**Q** 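What follows is a structure written as structure tokens; I'll ask about it next.
Values in this document were obtained by computation on a predicted structure and should not be read as measured data. Below, each value reflects all heavy atoms present in this structure, side chains not excepted, and no hydrogens, waters or symmetry copies. When a ligand or atom number is given, it counts from 1 through the structure's own listing order.
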Amino acid sequence: MTKKADETVKNNLKAVPEIDNQPSPEVAPPPALEVIHRPGLEKVVAVRSTISCVDGNKGILEYRGINIADLVRYSSFEETIFLLLYNHLPNEREMMQFNTLIAKQRGLPASVRDAISNYPVGMHPINALQSAIILLSGEDFYADDVSSPQHNIRRCISLIAKAPTIIAAFERARHGEQPMPAVTKYTMAENFIFMLTGEPCPPEIGRFFDKLLILHAEHTMNASTFAARVIGSTHGSVYSAISGAVGALSGPLHGGANERVLRMLYSIGHPDNVDKFLDEMITTKTKIMGIGHRVYNVKDPRAVLIQDFMKNLLEIVPGEGRKNLYQTALKLEEKAKERLSHKGLHPNVDFYSGIVLDALRVPGDLFTPVFAISRVAGWCAHWLEQIGANRLFRPLQEYIGDHKRHYIPIEDR
Ligand SMILES: CC(C)(COP(=O)(O)OP(=O)(O)OC[C@H]1O[C@@H](n2cnc3c(N)ncnc32)[C@H](O)[C@@H]1OP(=O)(O)O)[C@@H](O)C(=O)NCCC(=O)NCCS
């Protein structure tokens with residue numbers, strides 16, 4: 001350092017006030033925060049967000065301010081992803097570029113593809129998804145550096161594009177089949193069905209699947225989204241955040257319900273058996289899958305929309321068994337309404353989605369992974385929002401254990 005520069009540094013340092021740890025007598029201490037405990041964080045506002053909004057009394061869900069009924073009617077899953085990530089609808093050029101970008105990102109690195117082909121066949125596909133997502137971080141040398149918004153959004157797009165490929169590859173691997181290569185000319189919905197079944201997906205079937213993906217893409221501060229944001233708040237990588245969110249989604253009280261709804265409907269077997277089934281569930285205080293929601297006091301708008309297009313789907317997909325399943329679900333909804341709606345219990349998104357997925361020939365244990373491959377879009381939007389204006393999550397606990405216990409040597413216990 002030159003003499004002049006040294007002088008300047010010294011002068012600048014003189015200008016920095018000395019640290020005074022003593023509280024100034026004139027400044028009043030901040031008021032003590034009211035400490036409250038709400039089990040399950042019920043009615044606690046954990047974040048401020050512009051991504052989606054639920055009106056649980058009116059049964060309205062909006063993504064970035066747009067009603068999901070409009071998105072299901074006019075949009076596509078790709079456009080919905082764009083909307084969630086960028087907070088505006090794309091113009092034609094942006095849409096074209098985004099479609100190309102996302103289609104090009106579908107392939108898996110060889111290391112991850114090989115790992116999936118060696119996963120235990122008994123593994124639940126949702127766990128395969130969770131594990132393969134974290135493996136992808138091994139192919140991203142700078143995965144832990146979350147400082148560049150451009151790189152972060154690229155990573156999100158890549159993950160959203162790859163999640164369906166992971167599930168399709170695992171499904172084929174566990175049946176001893178080679179993965180199908182992704183086809184860029186197909187939409188995400190058509191490509192997933194193609195990679196799963198090995199057969200081109202008729203566009204009208206792809207459109208039903210597309211609608212289902214739109215409806216699952218985002219849903220405010222649920223357990224899995226919260227998990228993604230908590231991990232994001234530590235500046236954990238997008239791979240950690242999304243794989244953590246997949247883990248949170250897997251439980252039966254969250255995304256795992258759709259698979260169980262279908263099993264339940266099959267076990268009921270026929271609309272005539274609904275009364276007996278419901279009696280049993282109510283007497284034994286057993287929860288009926290696909291019913292109830294923490295934020296809706298009315299029927300979940302996604303259930304209404306799924307039910308709406310499901311009728312059309314069942315007309316073009318043959319199968320008396322499925323029609324019987326639908327009739328059973330309708331009767332269960334009607335009877336549950338008579339007996340449980342006073343508790344604010346109504347069908348949620350999972351109540352009818354299983355019937356749609358069954359009609360699309362998606363195996364039962366892939367229902368929750370399908371939910372996840374759509375929700376990666378919402379989780380990514382939340383991860384980006386969290387790291388964009390971060391505050392580390394660090395709630396309190398209320399300690400209700402003992403104090404001042406004596407340590408007793410092991411020989412005296
Ligand atoms: C989603 C869910 C966890 C929300 O639950 P919650 O807000 O924590 O509500 P609670 O579990 O405290 O239930 C409140 C009351 O409704 C009852 N209830 C809630 N869901 C019920 C269901 N699916 N079937 C029957 N009764 C139900 C509870 O037994 C409780 O009754 P009580 O007051 O007489 O004890 C719950 O409705 C549920 O487990 N549903 C089934 C699983 C499911 O479909 N999950 C997907 C959600 S999208």
**Q** Using a threshold of 4.0 angstrom between heavy atoms of the protein and any atom of ligand 1, which residues qualify?
**A**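 Ligand 1 pocket, heavy atoms under 4.0 Å: P252, L253, H254, A257, K287, I288, M289, G290, I291, G292, H293, R294, K343, L345, N348, D350.
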
**Q** Only one of L215, I214, D300 passes side-chain contact (heavy atoms from CB on, under 4.5 Å) with L305; say which it is.
**A**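 Option passing the side-chain contact (heavy atoms from CB on, under 4.5 Å) with L305: L215.
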
**Q** Tell me if a side-chain donor or acceptor on E315 pairs with a main-chain N or O of V317 at a distance below 3.5 Å.
**A**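 No; judged by distance alone, with no hydrogens or angles, the pair does not exist.
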
**Q** Centre of Y119's six-membered ring, under 6.0 Å away, within 45 degrees of the axis: is that where NZ or CZ of R172 sits?
**A**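 No; the conditions do not both hold, so R172 does not lie above the ring face of Y119.
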
**Q** Among L213, N99, I160, whose side-chain contact (heavy atoms from CB on, under 4.5 Å) with E78 holds?
**A**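 Of L213, N99, I160, side-chain contact (heavy atoms from CB on, under 4.5 Å) with E78 is met by N99 alone.
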
**Q** What about H216 and F367, are their ring centers closer than 6.0 Å?
**A**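 No, the ring of H216 stays outside the 6.0 Å limit from the ring of F367, centre to centre.
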
**Q** Heavy-atom distance under 4.5 Å between the side chains of H293 and V349, does that happen here?
**A**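 A side-chain contact is absent here, since even the closest heavy-atom pair is not under 4.5 Å.
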
